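Computation of the quantities below employed the complete heavy-atom set of this structure, encompassing side-chain atoms and omitting hydrogens, waters and symmetry-equivalent molecules. Bear in mind that the values here come from a model prediction, so they are computed numbers and not experimental data.
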Amino acid sequence: MQRDAKQYRDQTSLYIFPGPGVGKNATREEKNEAMNHMSEKMAANPSGILMYHPPGRPFTFIKWLGIEFCTELLQAIVLVSVLAQTRIVSFAGRVGLALIIGVVAAVTTNVSYWNWYSFPSVYTASYMLIQIVGFLFVGVVCYAALAEARSCSVKK
């Protein structure tokens with residue numbers, strides 16, 4: 001891995017280690033043989049993932065916060081549009097649907113990361129809980145907003 005970091009020191013890279021130990025131009029037989037020995041490598045060596053950024057990466061905290069905000073805002077907009085299209089009108093129904101969508105969204109990537117990359121269980125469960133609670137809150141706010149909009153349209 002250190003050799004690769006020196007070779008690619010000017011590129012952002014994701015490393016999963018231990019690797020299979022074959023070159024870029026390995027034959028199918030060489031790749032299959034390396035895969036047959038991966039369990040031995042995993043048992044005898046440390047394993048993990050490493051995101052490498054070369055020196056000089058700017059610290060753009062505000063930009064990263066903005067991207068995160070826009071991502072979560074887009075999720076909320078999609079959830080609100082789904083809830084607005086449904087014929088479910090009860091509080092429990094709409095919030096329950098938001099909760100189910102939140103669980104699906106949380107499970108989609110987090111369980112895979114826990115499974116394949118051994119993310120810590122506490123991290124995985126905590127992050128999933130944050131996502132699920134976020135969807136739940138959007139469901140509650142959406143119910144209130146749609147109920148208000150419905151009552152205004154009925155009065156007219």
Side-chain angles (χ1 to χ4, degrees), residues 1-86 88 91-143:
M1 190 168 63
Q2 288 177 339
R3 181 196 62 203
D4 288 342
K6 288 178 185 174
Q7 181 181 358
Y8 300 109
R9 67 178 164 256
D10 296 330
Q11 299 176 3
T12 295
S13 303
L14 176 68
Y15 295 94
I16 300 174
F17 59 94
V22 295
K24 290 182 181 179
N25 299 322
T27 65
R28 174 176 250 159
E29 293 80 24
E30 291 171 330
K31 291 177 183 178
N32 287 340
E33 184 62 27
M35 287 304 293
N36 291 335
H37 296 288
M38 279 304 292
S39 62
E40 298 164 9
K41 277 182 149 183
M42 294 288 285
N45 296 294
S47 63
I49 59 174
L50 170 70
M51 175 57 74
Y52 172 80
H53 296 283
R57 178 179 182 223
F59 184 73
T60 55
F61 189 69
I62 299 300
K63 176 184 173 187
W64 299 333
L65 278 176
I67 291 170
E68 185 67 22
F69 174 78
C70 290
T71 301
E72 294 188 19
L73 181 62
L74 179 62
Q75 288 175 338
I77 290 169
V78 170
L79 178 60
V80 168
S81 68
V82 168
L83 292 175
Q85 298 299 318
T86 185
I88 301 170
F91 175 79
R94 287 212 172 162
V95 173
L97 181 58
L99 182 65
I100 290 168
I101 293 171
V103 169
V104 170
V107 166
T108 300
T109 55
N110 291 300
V111 172
S112 293
Y113 291 165
W114 169 81
N115 179 45
W116 290 102
Y117 304 120
S118 300
F119 275 38
S121 297
V122 169
Y123 169 84
T124 302
S126 300
Y127 199 78
M128 287 175 66
L129 181 65
I130 289 167
Q131 287 183 305
I132 291 167
V133 168
F135 274 80
L136 187 65
F137 282 146
V138 170
V140 169
V141 170
C142 179
Y143 174 79

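Side-chain contact between Val111 and Met128: present, with at least one pair of heavy atoms (C-beta onward) separated by less than 4.5 Å.
Judged as a ring-ring contact (aromatic ring centres under 6.0 Å, His included), and not counting sequence neighbours, Trp116 has no contacts. The side-chain hydrogen bond (donor to acceptor under 3.5 Å, both in side chains) search around Gln85 returns none, not counting sequence neighbours. Legend: residues meeting ring-ring contact (aromatic ring centres under 6.0 Å, His included) with Phe119, ordered by chain and number and at least two apart, are Tyr113, Tyr123. With sequence neighbours left out, the side chain to side chain contact (heavy atoms under 4.5 Å, CB included) criterion links Thr27 to Glu29, Glu30.
Residue Met38 places its CE atom among more than 12 non-hydrogen atoms of other residues, nucleotides or ligands, all under 6.0 Å distant.
Legend: side chain to side chain donor-acceptor pair (under 3.5 Å) pairs involving residues 126-135, not counting sequence neighbours, sorted by first then second residue: Asn110-Gln131.
Contact between Pro46 and Pro18 at its shortest, heavy atoms only, is O-CD, 3.5 Å. Of all heavy-atom pairs spanning Gly102 and Phe135, the tightest one is CA-CG, 3.4 Å.
Between Leu14 atom CG and Tyr52 atom OH the span is 14.0 Å, to the nearest 0.5 Å.
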Tell me, with the steps shown, if Phe17 and Asn45 meet side-chain contact (heavy atoms from CB on, under 4.5 Å). CA-CA 9 Å; Phe17 59 94; Asn45 296 294; over 6 Å; no
For a quick test of your reading: what N or O donor-acceptor pairs under 3.5 Å do the side chains of residues 62-84 make, sequence neighbours left out?
residue, atom, partner, partner atom, Å
Trp64, NE1, Thr60, OG1, 3.2
Thr71, OG1, Ile67, O, 2.8
Ser81, OG, Ile77, O, 3.4
Ser81, OG, Val78, O, 2.8

